[in-house]
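Data first, discussion second: the structure below is written as structure tokens.
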Protein chains: 2
Amino acid sequence: MRQAAVANEITELVRTAGLRPTRQRLSLAGLLFSGGGRHITAEQLHAESLGEGFSVSLATVYNTLHQFTTAGLLRELVVDSGRSYFDTNVSRHHHLFFEDSGELRDVSDNSVVIGDLPALPEGASISRIDIIIRVKNGGSSG
Amino acid sequence: MRQAAVANEITELVRTAGLRPTRQRLSLAGLLFSGGGRHITAEQLHAESLGEGFSVSLATVYNTLHQFTTAGLLRELVVDSGRSYFDTNVSRHHHLFFEDSGELRDVSDNSVVIGDLPALPEGASISRIDIIIRVKNGGSSG
DNA sequence: GAATAAATTTAGAACGATTCTAATAAAACT
DNA sequence: AGTTTTATTAGAATCGTTCTAAATTTATTC
């Protein structure tokens with residue numbers, strides 16, 4: 001009963017995003033949204049999925065991550081040139097980035113106060129503020 | 001006399017960075033540091049250099065940008081997955097990023113106050129804080 | 001100022017992440 | 001079930017970037 005309930009929630013999540021609940025999308029959504037917050041790359045998710053016995057192509061992983069992002073289920077993060085991370089936490093927050101390990105950790109939004117910004121050009125508006133605190137030395141000890 | 005003075009400054013700059021003042025490095029340094037602050041990609045700088053009649057290979061543009069960055073003459077920015085920008089302003093500041101045009105603009109450091117950060121792991125220290133204010137709609141009008 | 005040593009540049013190959021393509025398969029609708 | 005629509009896939013293609021090994025330039029030594 002427990003698992004079935006979770007499966008239904010995941011199915012609903014995918015449906016609500018306007019996407020057909022295919023085996024691949026459900027597997028990926030399960031991996032992404034069943035635990036706590038995650039910061040994961042396409043390649044990592046692909047490997048994890050195969051590791052769990054859910055076969056998916058890398059192309060589908062990319063498609064799915066983008067569809068989930070467009071639907072507001074994920075947020076895409078650019079920290080490092082050359083690869084994108086996807087964050088399952090889509091609420092307002094920022095990031096600590098451990099340069100050595102590549103690990104990302106959330107930072108509460110209220111640790112940061114943005115003062116007066118420069119005037120934006122006519123018709124422009126802020127779509128998002130990304131704050132990345134880059135940390136050197138020291139991996140996953142805290 | 002004017003131009004010669006500028007050329008000497010550029011030569012000194014390159015020397016001070018511990019690099020031999022080759023034709024290529026001087027041309028690129030000239031393009032980078034003779035105007036005001038710039039935010040430029042390797043491909044853009046390569047195109048600009050060729051356009052001015054200074055032939056350089058793309059490999060050399062990359063090498064040079066990295067050497068200048070290591071020497072503290074440039075700062076590398078990651079805004080957009082898949083390409084790096086290099087900023088000639090290496091003082092403490094942040095960025096406005098126009099998503100439509102790809103344009104970057106500096107934001108003074110004192111527009112932003114960082115409150116209490118989460119405790120860092122033993123031995124870790126902050127190497128840099130990057131703040132990117134992403135703006136939609138509206139190009140270079142202000 | 002030629003000879004030698006050391007650093008630089010280069011074209012093109014190689015690379016890793018991502019996107020595209022066109023064919024096949026699965027899901028939804030009638 | 002049959003038809004239409006949407007998804008998945010393997011593999012090719014693309015993009016920005018890095019690597020390689022050879023050719024050139026700059027610095028140093030005599």
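These numbers were taken from a predicted model, which means no experiment stands behind them. Chain identifiers are assigned alphabetically (A, B, ...) following the order of the sequence lines, protein sequences preceding nucleic acid strands; residue numbering begins at 1 within each chain.
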Between CG of B:L65 and C1' of C:dT9 the distance, given in whole Å, is 15 Å
Rounded to whole Å, CD of B:Q44 lies from C1' of D:dT17 at a distance of 15 Å
Subject >> Test item: side-chain donor near acceptor, A:E76 and A:S84, under 3.5 Å >> reply: yes
Regarding the side chain of A:Y62, the nearest nucleotide among D:dT9, C:dT9, C:dT18 is C:dT18
Check your understanding: Mind checking whether B:Y85 and B:F97 have parallel, tilted or perpendicular rings, split at 30° and 60°?
Key -> perpendicular
Regarding the side chain of A:R83, the nearest nucleotide among D:dA10, C:dT18, C:dT8 is C:dT18
Any donor-acceptor N/O pair, B:E52 side chain to B:S49 backbone, under 3.5 Å: no
Taking for B:S84 and for A:G18 the nucleotide of DNA chain D with the nearest heavy atom, the one nearer the 5' end belongs to A:G18
Salt bridge or not between B:R38 and B:D87? Use side-chain N to carboxylate O under 4.0 Å. no
(request) Could you label the plane-to-plane angle of the B:Y62 and B:H66 rings as parallel, tilted or perpendicular, counting under 30° as parallel and over 60° as perpendicular? (result) tilted
> Side-chain N or O of A:Q24 less than 4.0 angstrom from OP1 or OP2 on D:dT9?
Replying inline: yes
Here the distance between atom C1' of C:dA6 and atom CG of B:L19, to the nearest Å, is 14 Å
Reckon B:H46 touches a base, only the sugar-phosphate, or nothing at all at heavy-atom distances under 4.0 Å? nothing
For B:T60, answer base if it contacts any base atom (sugar-phosphate contacts may also be present), sugar-phosphate if it contacts only those atoms, and nothing otherwise; contact means non-hydrogen atoms under 4.0 Å.
base
>> Using a 4.0 Å heavy-atom cut-off, does A:T41 contact any base of the nucleic acid, only the sugar-phosphate backbone, or nothing at all?
In response: nothing
For D:dT8 and A:R25 - does any side-chain N or O of the residue sit under 4.0 Å from the phosphate oxygens OP1/OP2? yes
B:D80 atom CG is separated from C:dA17 atom C1', nearest whole Å, by 14 Å
Out of C:dA27, D:dT17, C:dT10, minimum distance to the side chain of A:T22 belongs to C:dA27
From CG of B:L58 across to P of C:dA13 the rounded distance in Å is 15 Å
Note: for B:V56 and B:S81 on DNA chain C, the residue whose nearest nucleotide lies more 5' is B:V56
_OP1 or OP2 of D:dT18 under 4.0 Å from side-chain N/O of B:H66_ = yes
When A:S55 and B:N63 are each assigned the nearest nucleotide of DNA chain D, the 5'-most assignment goes to A:S55
Should A:R20 be listed as having a side-chain N or O under 4.0 Å from OP1 or OP2 of D:dT8? no
